[in-house]
Amino acid sequence: MLSAQRIAKVLDNAWAPATRAKYNSSVSLYLRWCSLEGIPRDKRLPASEISLCSFAAHHAGKMAGSTIRSHLSGLKRWHILNNFEYGSSPRLKYLLKAADNMTPGTSKQAPRPPVTLAMLRALHNCLDLSGGLDACIMAAATVAFWGQARLGELLSSSEKHFYPTRIPSRSNLHEPSTSAGSRKLHLPSTKTKGARGEDIFICRQNGRTDPISALDAHLKVNKLSPTLPLFSYDIGNGRHLALTRRRFLARCVPPDVVKALGRWSSDAFLRYWRSLELIAPLHAERLDPTERRSLPQAGHGPVG
């Protein structure tokens, strides 16, 4: 019994916390559907192939095919955790294809606009960089932009509970590696590499959107110890709070920045691209704003 509990506890870490929460909601949705359909409690889980197909067919045309797939992935996780066979079948596969074709127009979102240098300049103009919170926000925004990182890879989900295996601490920021002051930052966990993490390179730029200047200002004002989250701020008496995504987005951020920085589109390869430590500064320091005004919308993942 203890062995089975241990297996389930370890196995659950195969999914990120946010994914686990989403998949738990999918199981709840399925169980509500079972109640509406009058399926007896003892026949709901593990789910039969006919139940999975009926669940998918019920939602086809009402929600996007990708959303139905996500819900079924949540049900598949439940079966894996509880050591039951998942009832996938060719019929279910073709039902999902049909659901893709039946995706309602209301489920399709227009591409989100890219973040631009003008947006970062506007952000800079409305922040007071002598304050701990604002200095932290500017550093996070410029590092996310120039380092082509997701906010979820940089910022904590909680102000008071910090997980150094998920977001960078002060010690993950390396000392300057070029005469211009460019630095390497290790991300402990990323969307594409998971817990293996990745290194990104924060390169000196010209003007108000320079991430190195923003980092220097942040570190000077907030005086972080090596074990604190890199993006945390002083609230007085030597106490710090981690900058959360919610706090970041709520503080003086234009709507377009919220849309684009808050969640990258899935086909934005430059936003996942990771350069080599020695090559990045040669090509990415002090970029001419006329040559690179924003991050593009297209691409698929890290190169190399």
Side-chain angles (χ1 to χ4, degrees), residues 1-112 150-152 157-158 161 163 165-166 189-195 244-246 259 262-267 300-301:
M1 183 64 177
L2 290 177
S3 178
Q5 291 175 345
R6 176 62 179 167
I7 290 172
K9 184 176 180 180
V10 172
L11 190 58
D12 205 29
N13 285 280
W15 295 271
T19 304
R20 293 200 297 265
K22 181 175 70 172
Y23 283 175
N24 286 339
S25 297
S26 296
V27 174
S28 297
L29 177 67
Y30 168 76
L31 292 175
R32 289 196 298 273
W33 172 81
C34 287
S35 295
L36 292 174
E37 294 295 313
I39 299 174
R41 290 182 179 274
D42 62 342
K43 302 293 184 183
R44 296 176 183 180
L45 289 171
S48 65
E49 187 268 353
I50 183 63
S51 292
L52 294 172
C53 288
S54 299
F55 177 71
H58 173 82
H59 290 97
K62 301 176 183 178
M63 59 177 62
S66 59
T67 303
I68 298 173
R69 275 191 176 79
S70 178
H71 289 318
L72 289 176
S73 292
L75 289 169
K76 185 176 182 179
R77 170 179 171 267
W78 184 95
H79 286 75
I80 292 171
L81 287 174
N82 292 278
N83 200 27
F84 287 109
E85 184 176 351
Y86 179 68
S88 186
S89 67
R91 179 166 64 164
L92 181 59
K93 178 181 177 181
Y94 278 93
L95 273 169
L96 291 173
K97 283 189 175 183
D100 286 335
N101 294 335
M102 295 170 65
T103 294
T106 53
S107 295
K108 299 176 181 178
Q109 298 181 353
R112 289 166 174 162
R150 286 174 167 260
L151 287 183
S157 58
S158 169
H161 301 288
Y163 300 97
T165 58
R166 297 197 179 277
S189 178
T190 66
K191 183 177 178 64
T192 55
K193 294 294 181 67
T244 63
R245 282 167 284 180
R246 182 186 297 273
K259 291 179 182 179
R263 182 180 298 169
W264 303 122
S265 59
S266 60
D267 60 345
H300 295 288

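Across all non-hydrogen atoms, the minimal contact from Trp78 to Pro46 is CZ3-CA, 3.7 Å. The heavy-atom pair separating Ser189 from Thr165 by the smallest distance is CB-O, 3.5 Å. Of all heavy-atom pairs between Asp100 and Ser66, the closest is OD1-N, 3.9 Å. Residues Glu49 and Leu92 approach most closely at OE2-N, 4.4 Å, considering heavy atoms. Tyr86 approaches Leu75 most closely through the heavy-atom pair CE1-C, 4.2 Å. Minimum interatomic distance between Ala64 and Pro104 (heavy atoms only, all atoms of both residues): N-CD, 4.3 Å.
Side chain of Thr244 to backbone of Ser158: no donor-acceptor contact under 3.5 angstrom is found. Looking only at distances, a side-chain donor or acceptor of Ser54 sits under 3.5 Å from a matching main-chain atom of Ile50. Panel note: side chain His79, backbone Ala47; a donor-acceptor pair is recorded below 3.5 Å.
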- Task: Let me see the working for Thr103 and Thr67 under side-chain contact (heavy atoms from CB on, under 4.5 Å), right down to the final yes or no.
- Result: CA-CA 10 Å; Thr103 294; Thr67 303; over 6 Å; no

- Task: Start with the C-alpha gap between Arg245 and Ser157, add the side-chain angles, then the distance that decides, and say whether side-chain contact (heavy atoms from CB on, under 4.5 Å) holds.
- Result: CA-CA 7 Å; Arg245 282 167 284 180; Ser157 58; 3.8 Å; yes

- Asn82 and Leu45: side-chain contact (heavy atoms from CB on, under 4.5 Å), yes or no, with the steps? CA-CA 10 Å; Asn82 292 278; Leu45 289 171; over 6 Å; no

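Two residues are said to be in side-chain contact when any heavy atoms from C-beta on lie closer than 4.5 Å; Leu72 and Phe55 meet this criterion.
Heavy-atom neighbours of Arg69 CZ from other residues, nucleotides or ligands within 6.0 Å: above the threshold of 12. With a 6.0 Å radius and a threshold of 12 heavy atoms from other residues, nucleotides or ligands, Tyr163 has its OH atom at or below the threshold. Atom CG of Asn83 sits in a sparse spot, with 12 or fewer heavy atoms from other residues, nucleotides or ligands closer than 6.0 Å.
Expressed to the nearest 0.5 Å, how far CD1 of Ile68 lies from NE2 of His58 amounts to 9.5 Å. The line from CD1 of Ile39 to OG of Ser51 is 4.5 Å long, rounded to the nearest 0.5 Å. Here the OH-CD1 distance, from Tyr23 to Ile80, works out to 9.5 Å after rounding to the nearest 0.5 Å. Taking CG from Leu96 and CZ from Arg91, the interatomic distance works out to 12.5 Å, rounded to the nearest 0.5 Å.
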Tabulate below the donor-acceptor pairs under 3.5 Å that side-chain atoms of residues 12-21 make, not counting sequence neighbours, or state none.
residue: Asp12; atom: OD1; partner: Arg77; partner atom: NH2; Å: 2.5
residue: Asn13; atom: ND2; partner: Lys9; partner atom: O; Å: 3.1
residue: Arg20; atom: NH1; partner: Asp12; partner atom: O; Å: 3.3
residue: Arg20; atom: NH1; partner: Trp15; partner atom: O; Å: 2.7

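Here side chain to side chain donor-acceptor pair (under 3.5 Å) pairs that include residues 26-38, with residues two or more places apart or in two chains, are Ser26-His71, Ser35-Arg44.
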